[in-house]
Amino acid sequence: MGYRARRWKRFAPLFLLMLPGLAYLLLNNYLPMFGMIIAFKDINFSKGILGSNWIGFQNFEYLFKTADAYIITRNTILYNVAFIAINTIGAVGLAIILNEIRKKFFQRFYQSIIILPHLISMVIVSYLVFAVLSSETGLINKAILPILGIESISWYSSKEYWPYILTAVNIWKGIGFLSVVYLASIISIDPEYYEAATLDGASKWHQIRFVTLPLIIPVITMMTLLAIGRIFHSDFGLFYQVPMDSGVLSETTNVIDTYVYRALMNLGDIGMSSAAGVYQSIVGFVLVILSNYAVRKISKENALF
Amino acid sequence: MAHESKWVRWTAHTFLMAFSIACIIPFVLLIMSSISSEESIIQFGYSFWPEQFSLMAYEYLWNHRGELGRAYGITAFITVIGTAASLAMTTMLAYPMSRQDIPMRNFWAFFVFFTLLFNGGLVPTYLIYTQVFEIKNTIWALIVPGLLMNGFYVLLVRTFFITSVPPALMEAAYIDGAGEIKTFYKIVIPLSMPILATIGLFEAILYWNDWFNGMTYVTDPKLFSIQNILNRIITDIQFLSNNSNLSSAASNEMAELPSTSVRMAIAVVGLLPILIAYPFFQKYFIKGITIGALK
């Protein structure tokens with residue numbers, strides 16, 4: 001038996017182990033990548049996906065002629081920018097405050113409570129929001145607005161409030177999670193820095209400003225750049241479940257993910273939905289590459305590749 | 001100095017207490033609303049302390065325990081099977097990739113990693129699963145698409161194998177005559193329990209909470225998980241009655257359907273298992289978040 005044969009014989013059982021996982025990635029991830037060709041075809045199920053006629057960029061032309069294309073791109077990007085800015089500042093602040101709690105018990109206690117919303121499915125979140133915002137029976141309309149002497153607001157049909165509502169829900173659900181990540185990087189700061197600062201008479205505020213923040217800036221930069229890489233994608237559940245799939249609100253709640261879903265599932269419009277999906281995948285991919293390139297420039301070991 | 005730190009500590013406590021309350025209070029509202037009487041909700045809305053308590057909503061759900069029990073069964077089934085299959089596939093793929101001597105090592109790493117950077121999107125995925133694999137309205141629809149294995153977890157486990165399982169140990173087992181597969185499950189797996197527990201927990205939460213696959217691939221109410229029932233009910237409160245076998249009793253019941261509190265009660269039913277289990281796994285959950293973030 002030659003060297004090559006022996007080598008393969010030794011590793012054959014290992015390849016066997018890999019088989020189910022590789023097969024799954026092939027079917028669940030790689031096959032749909034090749035399936036993106038349907039955006040360039042006029043799908044006719046009697047001819048099959050491969051047999052359908054090529055139509056070039058026609059689906060994309062239709063898509064970008066609609067007002068929706070602009071609205072969903074704008075909404076996706078603006079929401080993500082707001083989420084990234086607010087969540088980062090909030091989570092870093094929260095982590096710094098958590099770090100001031102010296103008793104391990106209390107630190108753990110607060111942490112487990114503030115990440116609780118992260119654990120809940122978006123469907124249940126939409127029930128919680130409904131209890132607060134429902135027009136006839138919601139907490140705000142029934143208990144809070146009357147005290148302030150303001151007329152009831154029908155939240156689920158007033159699109160102007162939704163940017164604030166969705167941002168608030170996103171913060172409520174995600175900020176605790178992110179602050180736990182930042183807390184981990186604050187805890188890993190060498191205590192000697194603080195001892196030295198205290199000896200020099202630095203106040204708490206000065207310690208935060210000149211020790212904590214500068215030392216976690218690399219982590220903040222990295223997390224932010226990675227989030228920017230995903231700026232073309234959004235949390236489907238937040239935009240679909242929380243506004244309860246309400247069409248009246250679509251101008252302020254429709255994002256690329258919800259547009260693709262509705263075009264496919266409700267309208268059965270494969271051309272439009274696949275074109276929007278390809279648009280999202282390609283631009284999203286370019287953004288990931290660019291943001292990773294930026295991370296690489298700043299610190300090589302934090303880059304994804 | 002001591003004075004300052006005391007002041008800082010109290011401010012921190014006050015702030016965190018307030019934020020913790022903000023995190024919890026919607027759950028309190030949900031639970032209190034579910035035990036309010038229909039009249040007090042209609043008159044005063046959902047509130048933290050109802051004018052009149054009532055267990056009507058739960059009585060109603062109890063009368064539909066057949067459908068709800070079934071949905072719980074489906075959720076439990078996909079959570080257990082999905083998590084087990086996911087852990088098996090993840091470790092089985094990650095282990096050979098962690099080996100220095102595996103042929104085409106970089107190719108496998110790229111093959112997994114690329115799935116994190118790029119994906120084909122919903123439309124081709126949906127068409128392939130429904131047209132090619134005909135997964136619609138089968139139990140597989142709740143387990144397989146998107147959830148079964150995540151390339152990110154594969155890379156996490158691979159890193160764990162590289163850094164925490166000494167190669168000398170594997171070499172020794174090999175010399176003692178243990179085959180590759182025996183080495184894998186006798187030596188590597190027992191040493192990797194911490195990371196497997198963490199990933200198993202995250203997978204289990206993912207399956208328990210998933211409504212997307214059910215909403216997308218399942219229309220048969222018999223296959224609805226608890227999340228899908230919730231998803232359906234929020235727009236269609238009559239859903240339970242419509243799918244009840246007691247159709248003659250159902251029309252009667254509909255007249256006195258405590259719809260406003262039932263909505264909240266059924267959300268409580270979906271939420272409760274996770275809230276009860278949370279104190280027991282919160283430690284691992286927090287640890288898992290940090291591992292995931294620091295790759």
Side-chain angles (χ1 to χ4, degrees), chain A residues 7 11 13-15 17-18 20-22 24-25 28-29 31-33 35-36 38 49 97-98 100-101 110-117 119-121 123-124 126-128 130-132 137-139 141-143 176-177 180-181 184 203-204 244 260-261 264 270 273-274 277-278 280-281 285 288, chain B residues 4 8-9 12 15-16 19-20 23-24 26 29-30 33 41-42 44-47 89 92-93 95-96 102-103 112 115 117-128 146 148-149 154 179-181 184 205 209 211 227 230-231 234-235 260 263-264 267 270-271 274 278 282 286 289-290 293:
Chain A
R7 184 166 141 99
F11 288 111
L14 288 180
F15 285 127
L17 284 180
M18 291 168 81
L22 293 177
Y24 180 69
L25 290 181
N28 185 72
N29 299 74
L31 209 51
M33 287 183 208
M36 285 166 75
I38 57 183
I49 291 176
I97 294 171
L98 270 171
E100 289 308 320
I101 306 295
Y110 288 130
Q111 277 190 70
S112 31
I113 289 187
I114 62 178
I115 56 171
L116 187 59
L119 196 68
I120 306 306
S121 84
V123 177
I124 293 195
S126 77
Y127 276 75
L128 299 175
F130 181 79
V132 176
T137 52
L139 181 74
N141 276 358
K142 279 289 190 178
F177 178 87
V180 169
V181 174
S203 67
K204 202 92 228 172
M244 296 195 181
V260 172
Y261 192 86
L264 177 70
I270 292 177
S273 57
S274 60
V278 168
Q280 179 181 43
S281 290
F285 183 60
V288 169
Chain B
E4 185 199 57
V8 167
R9 215 172 324 124
F15 184 86
L16 286 169
F19 192 75
S20 300
C23 285
I24 288 183
L29 180 64
L30 187 81
S33 303
I41 293 179
I42 287 166
F44 302 104
Y46 297 121
S47 66
M89 282 167 63
M92 281 157 60
L93 177 55
Y95 172 63
I102 191 93
V112 173
T115 62
L117 299 181
F118 191 68
N119 73 76
L122 174 73
V123 186
T125 308
Y126 177 80
L127 289 180
I128 285 165
L148 193 50
M149 196 184 71
V154 176
E180 292 289 357
I181 292 187
F184 171 60
I205 294 171
N209 278 341
W211 45 268
Q227 301 287 341
L230 282 168
N231 181 28
I234 199 144
T235 48
T260 51
R263 276 176 191 236
M264 297 301 141
L271 186 62
I274 266 197
Y278 185 55
Q282 49 90 12
I286 295 177
I289 293 174
T290 7

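A, B, ... follow the sequence lines: proteins, then strands. Residue 1 opens every chain.
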Begin from the C-alpha positions of B:L122 and A:S273 and carry the test side-chain contact (heavy atoms from CB on, under 4.5 Å) through to its verdict.
CA-CA 9 Å; B:L122 174 73; A:S273 57; over 6 Å; no
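- The CZ atom of B:F15 sits 9.5 Å away from atom CG of A:L98, with the distance rounded to the nearest 0.5 Å.
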Would you check, one step at a time, whether the test side-chain contact (heavy atoms from CB on, under 4.5 Å) holds for B:F118 with A:M36?
CA-CA 12 Å; B:F118 191 68; A:M36 285 166 75; 3.8 Å; yes
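- Each of A:F177, A:Y261, A:F130, A:F15 has some count of heavy-atom pairs under 4.5 Å with chain B, and the biggest count is that of A:Y261.
- The nearest pair of heavy atoms linking B:T290 to A:A184 is CG2-CB, 2.8 Å.
- For the atom pair CG of A:L31 and OG1 of B:T125, the computed distance is 9.0 Å after rounding to the nearest 0.5 Å.
- Taking B:L30, B:T115, B:L271 one by one and counting their heavy-atom pairs under 4.5 Å with chain A, the maximum is reached by B:T115.
- Of all the heavy atoms in B:M149 and A:G21, the pair that sits closest is CE-O, 3.5 Å.
- Note that the OH atom of B:Y278 and the CD1 atom of A:I113 stand 8.5 Å from one another [nearest 0.5 Å].
- Chain B forms more heavy-atom pairs under 4.5 Å with one residue of A:L139, A:V288, A:V132, A:I49 than with any other, namely A:L139.
- Both the backbone and the side chain of B:I102 come within less than 4.5 Å of a heavy atom in chain A.
- Heavy atoms closer than 4.5 Å to chain A are found in both the backbone and the side chain of B:Q227.
- Across every non-hydrogen atom of B:R9 and A:E100, the tightest pair is CG-O, 4.0 Å.
- Put simply, of B:S47, B:A267, B:G121, the one with the most heavy-atom pairs under 4.5 Å next to chain A is B:A267.
- You'll find the side chain of B:L93 reaches within 4.5 Å of the side chain of A:L25, heavy atoms only.
- Contact between A:Q111 and B:I286 at its shortest, heavy atoms only, is OE1-CG2, 3.3 Å.
- Of the atoms belonging to B:L16, heavy atoms from both backbone and side chain fall under 4.5 Å from chain A.
- Among the candidates A:S126, A:P20, A:S112, A:G35, the residue making the largest number of heavy-atom pairs closer than 4.5 Å to chain B is A:S112.
- Here the side chains of A:F11 and B:P96 are not in contact, with every heavy-atom distance at 4.5 Å or above.
- Contact annotation for A:Q280: neither backbone nor side-chain heavy atoms come within less than 4.5 Å of a heavy atom of chain B.
- Contact count versus chain B (heavy atoms, under 4.5 Å) is highest, among A:G277, A:G176, A:A143, A:S274, for A:S274.
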What verdict does the side-chain contact (heavy atoms from CB on, under 4.5 Å) test give for A:V260 and B:V123, after you've listed the backbone C-alpha separation in whole Å, the side-chain angles of each residue and the deciding distance to 0.1 Å?
CA-CA 8 Å; A:V260 172; B:V123 186; 3.8 Å; yes
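- The structure places CG of A:L17 at 5.5 Å from CZ of B:F184, a figure rounded to the nearest 0.5 Å.
- In this structure, chain A has no heavy atom under 4.5 Å from any part of B:V154.
- Between chain A and the options B:I41, B:V112, B:L117, B:I205, the largest number of non-hydrogen pairs under 4.5 Å is found for B:L117.
- Atoms CD1 and CG, on A:I38 and B:L127 in that order, are 4.5 Å from each other to the nearest 0.5 Å.
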What verdict does the side-chain contact (heavy atoms from CB on, under 4.5 Å) test give for A:I114 and B:C23, after you've listed the backbone C-alpha separation in whole Å, the side-chain angles of each residue and the deciding distance to 0.1 Å?
CA-CA 6 Å; A:I114 62 178; B:C23 285; 4.2 Å; yes
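- The shortest distance between side-chain heavy atoms of B:F44 and A:T137 does not fall below 4.5 Å.
- Using a 4.5 Å heavy-atom cutoff, the side chains of A:N141 and B:Y46 are not in contact.
- Put simply, the side chain of A:S281 gets close to the backbone of B:N119: a donor and an acceptor are under 3.5 Å apart.
- Proximity of B:I181 to A:L14: side-chain heavy atoms (C-beta onward) are nowhere separated by under 4.5 Å.
- Residue B:L148 touches chain A through both its backbone and its side chain, counting heavy-atom pairs closer than 4.5 Å.
- A 4.5 Å side-chain heavy-atom check between B:L29 and A:L128 finds every atom pair outside the cut-off.
- Side-chain N or O atoms of A:Y24 include none that pairs as donor or acceptor with a backbone N or O of B:M89 at under 3.5 Å.
- Separation of atoms CG (B:L230) and OH (A:Y127) is listed at 4.5 Å; rounding is to 0.5 Å.
- With a 4.5 angstrom heavy-atom cutoff, A:I120 touches chain B via backbone and side-chain atoms both.
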